Every structure is written in structure tokens, then in C-alpha cells.
Number of protein chains: 2
Amino acid sequence: MVSIKEVAEEAGVSTATVSRVLSSSDHVRPELRQRVMEAVEKLQYRPNLVARSLRSQQSNTIGLIVSDIRNPFFTSISRAVEDSAYKQGFSVLLCNTDEDPEKEKIYLQLMRDTNVAGVIFSPTRQIMSDLASLPFDFPMVIVDRSVPDVDVDTVLLDNVESAYRLTSHLISNGFRRIGALFGETSTTGIQRQRGYEEALKAHGIPLVPEYIKHLQPRVEASYKIATSMLQLPHAPDALLTSNSLIMEGALQALRACNLSIPEDIALVGFDETPWTLLVQPAITIIAQPTDEIGKTAADLLFQRIAIPTRPTRQIILKGQLMVRGSSTPLHLKAM
Amino acid sequence: MVSIKEVAEEAGVSTATVSRVLSSSDHVRPELRQRVMEAVEKLQYRPNLVARSLRSQQSNTIGLIVSDIRNPFFTSISRAVEDSAYKQGFSVLLCNTDEDPEKEKIYLQLMRDTNVAGVIFSPTRQIMSDLASLPFDFPMVIVDRSVPDVDVDTVLLDNVESAYRLTSHLISNGFRRIGALFGETSTTGIQRQRGYEEALKAHGIPLVPEYIKHLQPRVEASYKIATSMLQLPHAPDALLTSNSLIMEGALQALRACNLSIPEDIALVGFDETPWTLLVQPAITIIAQPTDEIGKTAADLLFQRIAIPTRPTRQIILKGQLMVRGSSTPLHLKAM
DNA sequence: TTGTAAGCGTTATCAA
DNA sequence: TTGATAACGCTTACAA
């Protein structure tokens, strides 16, 4: 492994000069610069980024901490983040927490220990109290979830509003007994529940506790809970799900119960996935602008890395209601 | 940021002793060990991994280089790799190449520059010739694709055999005009094509060049190519797709053409995705054991990191044919 | 504009 | 068993 020292010797200059040519825009005589470049080329020199990072106390790596990369929402976010990072010359450390606060802590510590430039994080509710107290000195951007009492950059969907619109859509299409499945680990589920409840209230529809469930945001959990909800004496005529994994489990449950959508029951949810348009009928959803969320989070992070004292921002993006067959109005059902 | 020096002072020992207590199993007097641990605890000391990596010339990071994390196959692989890495105390640098050889090179260089412990890589065909010549000294495991002339650990599906079985399944169900869409960037597509062609030959069915297409493994490309194939004068009565993105585009095309599956045309492919069981009819596929592939790749890598001279291995895993409604026999179609 | 030399925070060598 | 001390490969004052 050729080092900066050998390049310096080859070019007949000091290591400082090589370093200047390579990383700073310091004034170096063109002739020397040329000699250095040639030596670099000849020896196929590549700077050791570990040494550079140790010395300069900076790094070109950012951390991305999400609950599960297999959740299509996070898959998409990750891709967008990696893309932005690549363009800025950064690379991405991927961390899955499985919504486990212990894993979250371990990964946050790792971020500190490896001296990353910054972190994009989608935290559970449990970790939040710690978040303020733990001494995390690196730049951080929160995505998808909100951290109420901490002054930190955040990129969020307008969850209350989106859930409100989704629920209102069901109501105006004639559905009244709207079962709802929310993720229990994040603030997102809570906010979406608020939107759901506000919509019901606004339309004078009573809340039915049996219709509201909180669960781990996983396919299997959702399948179970949805199945049991479908077996209620007075079963729902519509199901609202608060993320795509939950929606997947719910759809499996509907299929297992041989229920027709939307004739027997409507199904709506959040997030565009490869299959929302492929199943029949297609599923009505709130599409989150995942690319933009990821890109915005990365942008915020790079800005904070550049200017650590910058005032924090909370960016709230709008979801888009995509009306499809799975929530067709009751009076059209016979058609 | 508290350093080893401060811990040493606090404990009244040298930095060497602190280092020994923390990272090596060297013999340290229990009493000193105790004092060091207390100092570590008191000062909340955490070793700086960058410095450690620079000095020891090792690291606890592995690279994962895939074409696109949004491909459900790679999503699942990534999750499995990250899981295994976490258990071994490693973290994962995620890199998307978009099947672009230039990006592959850049990322491979990054791996070298950051001194990663090793890399799990799914290369394009183009990069392979370079792979032998480029001086990549780090441990590497190839997944999903094969690199014929390089002595490197590999984890693969039995692609020829799997495609053979999938094609034979279609044939024995009465389909004869089997269109096939293969990814053009990987060896995987080529091998699956071989299995497809061998199955046709074995059953005395002539190859029709118009029925065989190579394309970028992307949804949009697949949609276009599939659509044009469906408009052939003598259109296929079945479509075989060589990965889930291609399958997705093909299914979109079938839907756009208002074709019924399997009455008008059968559809089969590779990879279990969230939707293969949710669409109706469910799709017949070869399921790859993605968890096992990822886990095996990580295991191989850690073994090679531990013993660099270990003889290389090629591990070939079997796919599982999941027969579903999308390839129901012709004589049952009327039912 | 360039070179010398002092670190960055560890670990590894060598003596004690 | 322990402690000085020299690296690891780079950047950056400071001097020249």
C-alpha cells in the first residue's frame, strides 16, 4: 500500500506538498503540482481515508439508522439517501434496529465511535427521552418520525392531515365502520391515529375502541390482528392501515377470509409499493414522496455538517391521495 | 471526547495497559484491570474506532455493493448481511451501483481507501475482466453472479437448473410459445437463459428468437419490451421473467393489454416478493433463499477475513419452485 | 510557496 | 506484568 511519503519521495517534494495538492486548494507552484500528480499516477497512490479521518477529525461517511430496510418506505428512503450521499462524495453506513431501543443505542454509539459526519435516524418512541440526554455530538436529521422536545432537523410527512384525508375519503364514499391498524413503535402511528379520529369526529361518526388497534409494524402481527378484527360480531366495512407492512398483512387476512374488495370491505393505507397497483382492485393509498424525503434529509444533513450552528428546520411534506378501486363508493358496488 | 490517555491517568496506569484491558486478552493483573474498568466507566470512555483502525490496519466495517437496494432480492440480501454483520460486531457500508461499471470501480476503490475488512459484491459482467487485474487486496465474496476466471468465494443460485425447472413446468402445463425476458447486465441472466433453452430443446420445442429478449433489469424497460412482445403476430402464450423487477414490468404490461392470467397468457419468474402471493392469480416463481444467501455470504466473508489463505468456495443453493395460479395448465383453463 | 514536525488516538514492540 | 515509545498515514501550524 503506497503512502503519501513514497509519493513525496517520487516527486521530490515534502509530504505536506503532496497533501496540499491532493486535498487543499492551497497555492502550489504549477510545476510541483504537476510533478506530484505524475507521481500519484505512476504509483497509483490513493489516500488512506482512515488516516485522513483521524487527523482531520472529519469523515465522509454518514449513518442511516432505520427500523427495517425491508419496509418499502425505508428501502426507498435508503436509496435516495445513498444517491445524495454518493453525489456529495459520502458513503452510507446502514443500520437496522428492528424498532429495538437497545439496538438504536448501540448504533448511535457506533456512530460516535466511528466519527461519522452525521446521521439520518428514524427513532422509536422509547429512545426519544434518551435522545436529549445522551451526549450525541454529531449532526443528526430525524426522518419519518417526530421528536417533540428536541431541537433537531426533521423531515416528516403531514401525518395527521394525510390520515384525515384518507379517512374522510372512506367516509365520503359511504364507509362508516372503519377499522384502523396503527404501528405502536413510532410517533407516526400516533399522528395518523389523530387524523383518523379527527375525521371521524368531524363527520359525527363515533369512535369504536374495537376498531382501533396498535401493533408492531410487521406483516405477521398485522395479519393476526386484522383477522381477529374481521371476526368481530359487527365487523368493519373498511380497513385503514398505517404502513405498507401492515397493509400487506391486512390484505392477506382479507384474502384468507375470502372477502371481496371493496364489495365486502374497503382497504386503504399508506405508501406506494410495487404491488399497490398490481393487485386487483388497486389499493387506495396516501403516497409519500419517499425520494424527496430521503433527498431532503440528506440535504439537511449536509447543510448541518457544513454549518453546525444553523437554526434547525422541520420540513413537512404533503402526501398524495391516490384513489383507486379498493375504496370504491358503496353505491357503486353493485356495478 | 475522552481519550485513552485520560483513562490511563484516571486509573494510574499507562495507555498500554488500558489498551490491553480493552482489546487484547493479555495478562493484566486483576487489580489493575479493575481500576481501568472503573475509570472507563467513570469517564464514559469509548475507544475511537478510527484510530484503532489506523493503527491496527483492521476495521469492523464490511462493504456491500449491489446494483439497487430497491430490487427486493437485494433488499432481502442486505437485511440478512446486516444481521450477520451486527452479530459479529461489524457494520455495513451500503453501495448501489445501478449496474454501472464506473460506479462499481469507484466503490471498490472506496473499499480499499477506507480499509474495510471485506466486501460482498454483486458485479456486472463488464467489471469482471477488470476484477482480476485490479489490485483489490481485501477479502471478497461474490453473490448472485458468477465470476468464471477469478478464484473468489461465491454464493449462487443454481440458475441453469432453476430456469430449466421453471420452463419445464410451463411446458408440461401445455404452454409452448414461451417468451423470456432476461437481465442483460449479469451472468445470472445468461445462466437462466441457458436453463430455458435447454428445457425447450429437451422437449423438442424450437427456439424462437423473437421470444428471447435481453434488457436492463428495470421495471420500465421490462414493461416496454413485454408490451412489444405481446404485439407480435404470433404472440407468446407464456412469459418467463428472470427477476422480480422484470416480472413487475411484465405484469403491468399484461394488465395494460387486458390479458387474463393464465387464460390468455401465463406468467412465471424468479424471487418471492411481497406481492407474488397478493396478486390474483398468485405468481408461479422460483423462490431464492435470500436470507440464506445473505447469511452464507457474510459467513464466508468472515471466515476469509479470519483465514485469508483459506481455499475459496463456491456455494450453490437450490431455488424452490412455487407453483401457483399464474401457470395453471391449459386444459384447466376453461374451469 | 514550501518544508519541518507535531499531532490525531490507538496498538505493538521492546525493555524493564 | 507493565510502561515508554514508536509507529499507523495523514493534515496543518509554524518556520523558512
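Since the model is a prediction, treat every value here as computed from it, not as a measurement. Atoms considered below: every heavy atom in the structure, side chains included; atoms not considered: hydrogens, waters and symmetry mates. Naming: A, B, ... by sequence-line order, numbering from 1 per chain.
The side-chain hydrogen bond (donor to acceptor under 3.5 Å, both in side chains) test with T312(B) singles out one residue from D151(B), T154(B), D153(B), and that residue is D151(B).
For DNA chain D, no neighbouring residue in residues 27-43 of chain A is found when judged by any heavy atom under 4.0 Å.
Checking M1(A) against R20(A), the closest nucleotide of DNA chain D that is more toward the 5' end is the one next to M1(A).
The interatomic distance linking E6(A) (CD) with dC10(D) (P) rounds to 9 Å, in whole Å. In this structure, I4(B) places its CD1 atom 5 Å from P of dT11(C), rounding to the nearest Å. Atom CD of Q58(A) is separated from atom P of dG9(D) by 21 Å (rounded to the nearest Å). Rounding to whole angstrom units, CG of residue N115(B) and P of dC10(D) are separated by 11 Å. In this entry the distance linking OH of Y45(A) with C1' of dT11(D) reads 11 Å, nearest Å. Rounded to an integer number of Å, the gap from K5(A) NZ to dC10(D) P is 11 Å. Atom CG of L22(B) and atom P of dT11(C) are 7 Å apart (whole Å).
The 12-atom threshold is not exceeded at NZ of K295(B), counting heavy atoms of other residues, nucleotides or ligands nearer than 6.0 Å. By the 6.0 Å contact criterion, CZ on R218(B) is open, its count of non-hydrogen atoms from other residues, nucleotides or ligands being 12 or less.
No hydrogens or angles were tested; on distance alone, a donor-acceptor pair under 3.5 Å links the side chain of R55(A) to the base of dG7(C).
Residues T187(A) and R145(A) have side chains that never bring a donor and an acceptor to within less than 3.5 angstrom of each other.
Closest to the side chain of S3(B), from the set dG9(C), dT2(C), dG3(D), is dG9(C). Candidate nucleotides dG3(C), dC10(D), dT2(D) were compared by shortest atom distance to the side chain of A16(A), and dG3(C) ranks first. Listed nucleotides: dG3(C), dT12(D), dG9(C). Nearest to the side chain of V13(A): dG3(C). Nearest to the side-chain atoms of Q57(B) among the listed nucleotides dG3(C), dG9(D), dT2(D) stands dG9(D). For T17(A), counting side-chain heavy atoms from C-beta on, the closest listed nucleotide (dG3(C), dC10(D), dT11(C)) is dG3(C). Nearest to the side chain of L54(B), among dA4(D), dT10(C), dG9(D), sits dG9(D).
OP1 or OP2 of dT11(C) has at least one side-chain nitrogen or oxygen of S23(B) nearer than 4.0 Å.
Side-chain atoms of L301(B) and P139(B), non-hydrogen and from C-beta on, do get closer than 4.5 Å to each other.
Distance OG/S84(B) to CG/D291(B): 9.0 Å, rounded to 0.5 Å.
With respect to R112(B) and D137(B), no salt bridge is recorded, no charged nitrogen being found less than 4.0 Å from a carboxylate O.
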